[in-house]
S.K.: 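Following this message is one structure expressed as C-alpha cells.
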Number of protein chains: 2
Amino acid sequence: MSKLAEIERRCADHKLRMTKQRRVLLRVIAQAKDHPDIEKLHRRTRFIDPTVSLATIYRTVRLLEGIGVLQRHEFTAGRSCYEVTPKRHHDHLIDVESGSVIEFRCPEIERLQAEIARRYGYRIIDHRLDIYAAPLQSSRKRQSS
Amino acid sequence: MSKLAEIERRCADHKLRMTKQRRVLLRVIAQAKDHPDIEKLHRRTRFIDPTVSLATIYRTVRLLEGIGVLQRHEFTAGRSCYEVTPKRHHDHLIDVESGSVIEFRCPEIERLQAEIARRYGYRIIDHRLDIYAAPLQSSRKRQSS
DNA sequence: ATAAATGCAAAATCTTTGCTGTTCG
DNA sequence: CGAACAGCAAAGATTTTGCATTTAT
C-alpha cells in the first residue's frame with residue numbers, strides 16, 4: 001500500500017472529507033523526503049494547485065497532527081516543520097551548517113529515558129531529542145565513512 | 001559568591017552597562033527556581049520596578065543568552081522560556097499535567113549522542129532532550145518511591 | 001440537504017525594531 | 001561627553017479565526 005493511500009485511508013477512518021485541496025496537500029506530504037515547514041508545504045501545494053490557501057494548509061496540517069498522521073517539530077525557534085509520523089520512532093540530528101536533517105534511532109537512549117522517567121514516578125508520553133551538530137570537515141565534501 | 005554576583009560579574013566582563021532595569025531583571029533571574037518565560041520575567045520584574053518595559057526584557061534576555069548567561073528552551077510551541085545556564089548540563093522532564101519541570105542528568109545518554117554524531121561525521125554543537133511525561137499516579141499526591 | 005471545508009482578510013501572539021530621550025562609565 | 005540603553009509604539013513574523021461561499025457525502 002502506497003504511503004499516500006495509507007494516509008488517505010487514515011483520513012477516511014477519521015471521517016475527514018477528501019476535498020481537492022486536501023488531496024493535493026496529502027500528495028505533497030506523502031512525497032516529501034525532508035521536514036517541510038508550512039511555507040514549503042504551501043509553496044509545493046500551490047505549484048500543483050495555485051488556489052490552495054495558506055489558511056487551509058494551516059488548518060489541515062493541524063488536523064493531520066491531531067489524528068496522528070503528521071508529527072510536528074521545532075528545529076528552529078518560532079517555526080514548525082512536519083513529517084509523516086514514522087512507523088518506527090526516530091530522533092533527529094540537525095546539520096547546523098546546511099540545515100539538513102538526519103534521522104537516527106537509538107533504542108539504548110530510549111531505554112535510558114524510560115528508566116529516568118520511572119525513577120521520578122512518571123511514564124513517558126512523548127519525548128524529543130534533537131542534536132545540533134557541525135560536520136567534522138566543514139565546508140568540504142564529506143567523504144563516506 | 002552568590003549567583004546574582006556571579007551573573008553581574010559576567011555582565012561586567014562583557015562590558016554590559018549595569019542599568020537599574022538590568023539590576024532588577026538579573027535579581028529576578030538569579031532568584032528564579034523555575035523556567036520562566038518572557039511574560040513571567042516581565043511580571044516579576046515589574047513587581048519590583050513597574051517601569052521596566054517588555055522591550056527591555058526581550059532585549060536584555062537576548063543579550064544574556066548571547067553571552068551565555070541564559071539558556072533558552074521551547075517546552076511549549078511558540079513560547080520561549082529561560083534558565084540560568086547551569087554549571088553542569090542537564091536535560092528536562094516536563095510534567096504534562098502540572099507543567100512543572102524536573103531536571104535530570106544522564107551521562108550515558110550524552111555519551112551515546114556523541115557516538116551517534118561521530119558515526120555520521122559530526123561533532124555536537126548543542127542538543128536538546130525534553131521528556132514529556134505523566135505522573136504514574138495521576139491527580140493524587142505522589143508518594144516517594 | 002447539511003455539515004464540513006475553503007478563501008480571504010482581520011485578528012491574535014510573540015518578538016523585534018526605529019526613534020527619541022536618558023543614563024552609565 | 002559619547003556610546004549604550006530605556007520606553008513607547010509601530011512593524012514583523014507566524015498562526016488562528018470570523019464570515020460568507022462552496023463542496024463532499
S.K.: Does a side-chain N or O from B/Gln21 land closer than 4.0 Å to OP1 or OP2 of D/dG7, or not?
M.R.: yes
S.K.: In whole angstrom, give the distance that lies between atom CG of B/Leu63 and atom P of D/dA4.
M.R.: 12 Å
S.K.: Answer yes or no: does a side-chain N or O of A/Thr19 lie under 4.0 Å from OP1 or OP2 of C/dT6?
M.R.: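 A/Thr19 to C/dT6 OP1/OP2: side-chain N or O found under 4.0 Å.
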S.K.: Look up atom NZ in A/Lys15 and atom CD1 in A/Ile67, then write down how far apart they are to the nearest 0.5 Å.
M.R.: 11.5 Å
S.K.: Relative to the 5' end of DNA chain C, which residue comes earlier, B/Lys20 or B/Glu39, by the nucleotide with the nearest heavy atom?
M.R.: B/Glu39
S.K.: Using whole Å, what does the distance between atom P of nucleotide C/dG25 and atom CG of B/Asp13 come to?
M.R.: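 Whole-Å distance recorded here is 14 Å.
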S.K.: Rounded to the Å, how far apart are A/Leu54 CG and C/dA5 C1'?
M.R.: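 In whole Å, C/dA5 C1' lies 16 Å from A/Leu54 CG.
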S.K.: Classify the ring geometry of A/Phe75 against A/His73: parallel below 30°, tilted from 30° to 60°, perpendicular beyond 60°.
M.R.: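 Ring orientation of A/Phe75 relative to A/His73: parallel.
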S.K.: Could you state the atom-to-atom distance from CZ of A/Arg22 to C1' of D/dT23 in whole Å?
M.R.: 11 Å
S.K.: At under 4.0 Å, does any side-chain N or O of B/Ser80 touch on OP1 or OP2 of C/dT15?
M.R.: yes
S.K.: Just N and O in the side chain of A/Thr56: are any of them under 4.0 Å from OP1 or OP2 of C/dG7?
M.R.: yes
S.K.: Could you work out which one of C/dT15, C/dA9, D/dC5 sits closest to the side chain of B/Ile38?
M.R.: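 Selected nucleotide: C/dT15.
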S.K.: Between B/Tyr82 and B/Leu41, what is the shortest heavy-atom contact and its length?
M.R.: CD1-CD1, 4.5 Å
S.K.: Just checking, any donor-acceptor pair under 3.5 angstrom between side chains of A/Ser80 and A/Glu74?
M.R.: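 Result is yes, a qualifying pair exists.
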S.K.: Can you identify which nucleotide, out of C/dT23, D/dG7, D/dC19, has its nearest atom closest to the B/Arg17 side chain?
M.R.: C/dT23
S.K.: For the side chain of B/Tyr58, starting at C-beta, report the closest nucleotide among C/dC24, C/dT15, D/dT25.
M.R.: C/dT15
S.K.: State which of D/dC5, C/dT6, D/dG7 makes the closest approach to the side chain of B/Val52.
M.R.: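 Of the candidates, D/dG7 comes closest.
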S.K.: In whole Å, I'd like the distance from the NE2 atom of B/His42 to the P atom of C/dT13.
M.R.: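 My rounded result for the distance is 17 Å.
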S.K.: Please confirm whether B/His127 and B/His89 have ring centers closer than 6.0 angstrom.
M.R.: yes
S.K.: Contact class for A/Arg79 vs. all strands (heavy atom < 4.0 Å): base, sugar-phosphate, or nothing?
M.R.: sugar-phosphate
S.K.: Look at the side chain of B/Arg59 and decide which nucleotide, out of C/dC19, C/dT6, C/dA5, has an atom nearest to it.
M.R.: C/dC19
S.K.: Does B/Arg62 have a side-chain nitrogen or oxygen under 4.0 Å from the phosphate oxygens OP1 or OP2 of C/dT16?
M.R.: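 Answer yes for this pair, as a side-chain N or O of B/Arg62 is under 4.0 Å from OP1 or OP2.
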S.K.: Please name the pair of heavy atoms, one in A/Tyr120 and one in B/Glu103, separated by the smallest distance, quoted to 0.1 Å.
M.R.: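 For A/Tyr120 and B/Glu103, the tightest heavy-atom pair comes out as OH-O, 3.7 Å.
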S.K.: Round to a whole Å and report the spacing from CE of A/Met18 to P of D/dT25.
M.R.: 8 Å
S.K.: Would you mind telling me which residue lines up with the more 5' stretch of DNA chain D, B/Lys15 or A/Arg23, judged by nearest nucleotide?
M.R.: B/Lys15
S.K.: Return the value, rounded to whole Å, for the distance between atom CG of A/Leu41 and atom P of D/dT14.
M.R.: 14 Å
S.K.: Quick one: B/Arg72 CZ to C/dT16 P, roughly how many Å, whole number?
M.R.: 8 Å
